[in-house]
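Before any comments, here is the structure.
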Amino acid sequence: MLLQRILTALVLAAVVITAVLQLPTLYFSLFIAVIALVAAFEWMALTDVTKLGSKILFLLALIIPMLGVTYWTVLLELLSEAMEWPEIKDYSDALEWFVIAPVLFWVIMMMLIRKTGPQLLSMEFKPGFKVFSGWLILLGAWMFLSKLRAYYGPGMVMYFLLLIWAADISAFFAGKKWGKDKLAPEISPGKTVQGMYGALAAAAICGIGFTVYGWLTAVESEEAQSGMLRFLNGLVWTDMLILSVMTVLISIYGDLFFSLIKRRKGVKDSGNLLPGHGGILDRVDSIIAAAPFFYAGILLIGRVFYA
C-alpha cells in the first residue's frame, strides 16, 4: 500500500511539474480546469447532488465562468466596439476583486473549525449553500492558480506548490515523531498540533529560502541599486515569508474542511481515482484553499511595493 502510494505520488508530481513548467498559459488553465471539474464530481457525491440535471447545471456553472475569465479581455474588446465605449477596457482587472470571496470563505471556515468543529459535524446545511460553497471554492482555486501562472510565471506557481508539498510532508513526519495533542480530533483524529507546527516551520524555511534567492537575484541584477531600493526589496521578501506561513495555515484548515465534509458523509476518501490516495479532492484539498489566499497576498504585496 505504501509503495503504491509513493509511486502514485511520484507520477502525479511529475505530471504537475511538467504542466507548470512546459504548458502554455492557455493549456495550463485547461489542465487545471479538468482537475477542477473532476473534483466537482467528487464534491457533488459528497454533498448528495444526485440528479443528472443538477449535476449538469453545476458543471455548467463552473465551465461558463471559466470561459468568461479566460476570454475576459476579448469580451471587453467586443463590448467596446459594439457599444462604442472604449473606456470599458479599463475594467480588465475587475476580476481581481473576486479573490475577496474565496479568501473570506476560507478565513471564516478556519475560525469556525477552530471554535466550533464538533458542532459543524451535526449542523444541518441547506443544499443550496453546499452547492454554492463547492462552486465558489473550485472556481476560485482554478481562477487564481491560472492567474498566478499567467501573471507571475511558472516559477511562482512552483514555489506555491513546493510550499504546500513541503508543509504536508513536514506535518506528517512531525506528527509521527512528536504528535500528542490532537488538532481537531472529532474531524480528523490523525492531525496533531505538533504536526501543524512542523508544517508552519517548513513554511518559514521555504520563505527564508525565497528570501535568500530573491536577495541574491536582486544583488546580481542591480549592483548599483540604492540603499532605499535594497530596503524595499527586503520588505517584499519579508512579506513573502509571512505570506508563506499564513498560506500554509490556511491550507491546513482547508484540509480539515474537506475532512469535515467527508466525515459528515461517512466516507474516508472523496473517491478512488488515484491508487493509494483516494480521490482528486484528497490530493488537492490544501491547494484549493491556499491558492486564492496566496494569490491575494502576492497581488497585495506587488501593489504596495509599486505604489
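Only a predicted model underlies this, so the values are computations on that prediction, with no experimental measurement involved. These values consider heavy atoms only, across backbone and side chains, with no hydrogens, waters or symmetry-generated copies.
At most 12 non-hydrogen atoms from other residues, nucleotides or ligands lie less than 6.0 angstrom from OH of Y197. Atom CZ of F28 is surrounded by more than 12 heavy atoms from other residues, nucleotides or ligands within 6.0 Å.
Between L183 and T192, every side-chain heavy-atom pair lies at or beyond the 4.5 Å cut-off. For the pair E186 and L260, the minimum side-chain heavy-atom distance is 4.5 Å or more. Residues R149 and I32 fail the side-chain proximity criterion, which asks for heavy atoms closer than 4.5 Å. Side-chain contact check for L299 versus Y151: every heavy-atom pair is 4.5 Å or farther apart. Between F294 and I164 there is no side-chain heavy-atom pair separated by less than 4.5 Å.
In terms of heavy-atom proximity, E42 sits nearest to L281 at OE1-N, 2.8 Å. What you find for M66 and A36 is that their closest heavy atoms are CE-CB, 4.0 Å. The heavy-atom pair separating V49 from K55 by the smallest distance is O-CE, 3.3 Å. Smallest separation of non-hydrogen atoms from G254 and A289: CA-CB, 3.5 Å. For the pair K180 and Q194, the tightest heavy-atom approach, listed with the atom from each and the gap, is N-OE1, 3.1 Å. Counting all heavy atoms, side chain and backbone alike, A39 lies closest to L138 at CB-CD2, 3.9 Å.
One hydrophobic cluster, built from ILVMFWY side chains closer than 4.5 Å, holds both I108 and M246. Both F132 and L120 sit in one connected hydrophobic cluster of ILVMFWY residues. Membership requires side-chain heavy atoms under 4.5 Å apart, directly or through other members.
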> Does the pair W135 and K130 meet the rule for a side-chain contact (heavy atoms from CB on, under 4.5 Å), with working shown?
Replying inline: CA-CA 9 Å; W135 174 83; K130 292 187 284 188; over 6 Å; no
>> Could you walk me through whether V248 and M196 satisfy the side-chain contact (heavy atoms from CB on, under 4.5 Å) test, starting with their C-alpha distance in whole Å, then the side-chain angles of each, then the deciding distance to 0.1 Å, before giving a yes or no?
In response: CA-CA 9 Å; V248 165; M196 180 181 71; over 6 Å; no
> Are V131 and W43 close enough, and set up right, to give a side-chain contact (heavy atoms from CB on, under 4.5 Å), and what steps lead you there?
Replying inline: CA-CA 9 Å; V131 170; W43 177 264; 5.8 Å; no
> Passes side-chain contact (heavy atoms from CB on, under 4.5 Å), Y253 versus L112? Steps please.
Replying inline: CA-CA 10 Å; Y253 281 92; L112 287 176; over 6 Å; no
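Counting only N and O atoms by type, the side chains of S259 and K262 include no donor and acceptor under 3.5 Å apart. A side-chain N or O of D282 and one of S270 form a donor-acceptor pair less than 3.5 Å apart. A side-chain N or O of S244 and one of Y159 form a donor-acceptor pair less than 3.5 Å apart.
Between F257 and W106, the gap from one ring centroid to the other is short of 6.0 Å.
Between F125 and F129, the angle of the ring planes stays under 30°, which puts this pair in the parallel group of the 30/60° scheme.
In this structure, R264 contributes its side chain and M123 its backbone to a donor-acceptor pair below 3.5 Å.
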